[in-house]
Amino acid sequence: DTIEEVHDNVVNIHNIAREPGILTKVLISSNDTSVNPIGICIGLKGQRRNNLIELLKGEKIDFILYKDNIHKQIERCFSKFDLYSINVNNNEIEIVIDNSMVGAILGKGGQNVKLISYLINKKIRIVSMEEHKNNKQKNVEKKIQELIDFGIDKQTAESVITNYMDISNALDDNTISEKNQKLLKSFLDMEIEQQRQRFLSLSGNEDLFLYKSLPINYYFNLLDGGIRCLDDLFKYKQNVNELKDRTNLSIEVCLFLLE
């Protein structure tokens, strides 16, 4: 009764996360593009929210706008913070933020992140810039060692990982010996097969993987957007922009997938 637009289905409640007596977060959207659901729920001069707070005996309430795209949803949920990066890996999200803001974004006892994690049904990990840089360096060292273990000499391995974000681009480097080129090709084939198996275990089928040739990470973008098979993909034939928003892929890639 406090917010009649919810009762009338003008405003949708997607989920509620609550720490009784302390804080409630509500994920909302509107069925009417002319209606601002946040403004509706807060009310003139905050009166509607204040009425709810009174009913909950002082419990604070945050209303958050629902977004289909997980990156945009995270930005909405943490709109008060300057996020350095958002890395989505299936049901886990890593957020990198300045060292000085880690405590604030976590909230007392990790409450803020815990509620948002429940709200969007994703595990959220907050990482400081310092930890992110250390992890990045460790990953570089790990990848170099993987190439060395595969038989590629140390100097070439270090050069490839240092100079190429995508190892496949090193295959066009004529300064790399023919032997190392062949080893790099075999290494990439092995990695692609491992990723294909991982994709298969997560999606349940590989028709997307076999459909068109894409950089491996693009397939996981599709999975993160809820697209697990070709039938899911072709639902967006008439709405390429929605596909772009859901998957965080460029409009050019989305058009290529739907052509």
Side-chain angles (χ1 to χ4, degrees), residues 69-71 74-75 82-99 125-203 206 208-225 227 233 243-259:
N69 179 276
I70 189 60
H71 287 82
I74 287 293
E75 289 172 355
D82 184 12
L83 309 181
Y84 175 75
S85 69
I86 301 167
N87 304 305
V88 180
N89 184 11
N90 300 311
N91 285 323
E92 184 169 335
I93 298 168
E94 180 187 88
I95 297 173
V96 180
I97 193 166
D98 188 81
N99 301 0
R125 182 168 176 261
I126 302 299
V127 177
S128 68
M129 284 288 292
E130 183 178 2
E131 183 182 355
H132 175 66
K133 288 177 182 176
N134 289 339
N135 290 341
K136 196 172 181 180
Q137 182 57 37
K138 287 178 182 176
N139 287 335
V140 166
E141 293 169 359
K142 179 183 176 184
K143 185 60 71 174
I144 289 172
Q145 190 58 51
E146 286 177 358
L147 291 180
I148 292 171
D149 292 344
F150 203 74
I152 296 169
D153 68 80
K154 183 179 179 181
Q155 183 178 351
T156 300
E158 289 176 344
S159 175
V160 167
I161 299 304
T162 301
N163 296 321
Y164 296 99
M165 289 183 66
D166 184 344
I167 296 177
S168 64
N169 292 330
L171 296 176
D172 297 323
D173 189 336
N174 56 18
T175 66
I176 297 175
S177 70
E178 184 178 347
K179 175 188 174 183
N180 281 325
Q181 287 276 12
K182 288 180 179 178
L183 287 170
L184 276 174
K185 178 67 167 60
S186 297
F187 181 83
L188 284 167
D189 288 344
M190 178 191 71
E191 279 204 326
I192 289 170
E193 177 57 24
Q194 289 174 345
Q195 294 285 25
R196 188 187 72 82
Q197 291 295 335
R198 177 168 166 253
F199 180 86
L200 181 59
S201 70
L202 292 170
S203 67
E206 59 180 349
L208 268 178
F209 205 90
L210 298 172
Y211 172 53
K212 289 194 175 182
S213 179
L214 292 171
I216 192 71
N217 58 300
Y218 287 10
Y219 295 103
F220 292 98
N221 278 63
L222 291 169
L223 276 182
D224 291 334
I227 298 165
L233 176 64
L243 178 64
K244 173 180 175 290
D245 288 341
R246 289 190 69 88
T247 63
N248 224 38
L249 294 171
S250 70
I251 194 72
E252 290 79 14
V253 170
C254 292
L255 287 169
F256 172 70
L257 284 167
L258 295 172
E259 67 183 11

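Counting begins at 1 with the first residue of the sequence. All values below were derived from every heavy atom in this structure, side-chain atoms included, with hydrogens, water molecules and symmetry-related copies excluded.
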Checking [X] now: which residues fulfil salt bridge (Lys or Arg N to Asp or Glu O under 4.0 Å) with it, not counting sequence neighbours?
X: K182; value: E178
X: E206; value: R196
X: E252; value: none
X: D189; value: K185

For the atom pair [atom1] ([X]) and [atom2] ([Y]), what is the distance rounded to the nearest 0.5 Å?
X: I70; Y: D224; atom1: CD1; atom2: CG; value: 8.5 Å
X: N248; Y: L243; atom1: CG; atom2: CG; value: 11.0 Å
X: Y84; Y: S128; atom1: OH; atom2: OG; value: 12.5 Å
X: I161; Y: I152; atom1: CD1; atom2: CD1; value: 8.5 Å
X: I176; Y: N163; atom1: CD1; atom2: CG; value: 9.0 Å
X: T156; Y: L147; atom1: OG1; atom2: CG; value: 9.5 Å

ring-ring contact (aromatic ring centres under 6.0 Å, His included) contacts in which one or both residues fall within residues 152-195, not counting sequence neighbours: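 Of all non-adjacent pairs touching residues 152-195, those that pass ring-ring contact (aromatic ring centres under 6.0 Å, His included) are F150-F187.
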Distance-only polar pair, side chains of Q145 and E141, donor-acceptor under 3.5 Å: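 Distance-only check fails for Q145 and E141.
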Any side-chain donor near an acceptor of the partner, E191 and Q195, under 3.5 Å: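 Judged by distance alone, the side chains do not pair up.
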Considering residues at least two apart in sequence or located in another chain, which fulfil the side chain to side chain contact (heavy atoms under 4.5 Å, CB included) criterion with [X]?
X: Q155; result: D153
X: D166; result: S168, N169
X: N217; result: P215, N221

Step-by-step side-chain contact (heavy atoms from CB on, under 4.5 Å) determination, F209 to L200: CA-CA 9 Å; F209 205 90; L200 181 59; over 6 Å; no
I97 and V127: CA distance, side-chain angles, deciding distance, side-chain contact (heavy atoms from CB on, under 4.5 Å) verdict: CA-CA 6 Å; I97 193 166; V127 177; over 6 Å; no
Expected list for residues 129-136: side-chain donor-acceptor pairs under 3.5 angstrom, two or more places apart:
from : atom 1 : to   : atom 2 : distance (Å)
E131 : OE2    : R125 : NH2    : 2.6
N134 : ND2    : E130 : O      : 3.4
N135 : ND2    : E131 : O      : 3.4

Side chains of [X] and [Y]: does their closest heavy-atom pair fall under 4.5 Å?
X: N87; Y: I95; value: no
X: S203; Y: L223; value: yes
X: L222; Y: L257; value: yes
X: V160; Y: N180; value: no
X: I93; Y: I74; value: yes
X: H71; Y: V88; value: yes

All side chain to side chain donor-acceptor pair (under 3.5 Å) counterparts of N139, not counting sequence neighbours: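 For N139 there are no side chain to side chain donor-acceptor pair (under 3.5 Å) partners, ignoring immediate neighbours.
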Between [X] and [Y] (side chain of the first, backbone of the second, donor and acceptor by atom type, cut-off under 3.5 Å), is there such a pair?
X: Y219; Y: L214; answer: yes
X: E94; Y: S85; answer: no
X: K212; Y: F256; answer: yes
X: T162; Y: S159; answer: no

Non-hydrogen atoms of Q181 and A170 that approach each other most closely: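 The pair with the smallest heavy-atom distance is NE2-O, 3.5 Å.
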Nearest atoms (heavy-atom pairs only) where T247 meets C254: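 Taking T247 first and C254 second, the nearest heavy atoms are OG1-SG, 4.2 Å.
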All ring-ring contact (aromatic ring centres under 6.0 Å, His included) counterparts of Y211, not counting sequence neighbours: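 Checked Y211 against ring-ring contact (aromatic ring centres under 6.0 Å, His included); matches are F234.
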Listed partners of F220 passing ring-ring contact (aromatic ring centres under 6.0 Å, His included), at least two apart: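 Expected list: F199.
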side-chain contact (heavy atoms from CB on, under 4.5 Å) between L208 and I227, worked out: CA-CA 9 Å; L208 268 178; I227 298 165; 3.9 Å; yes
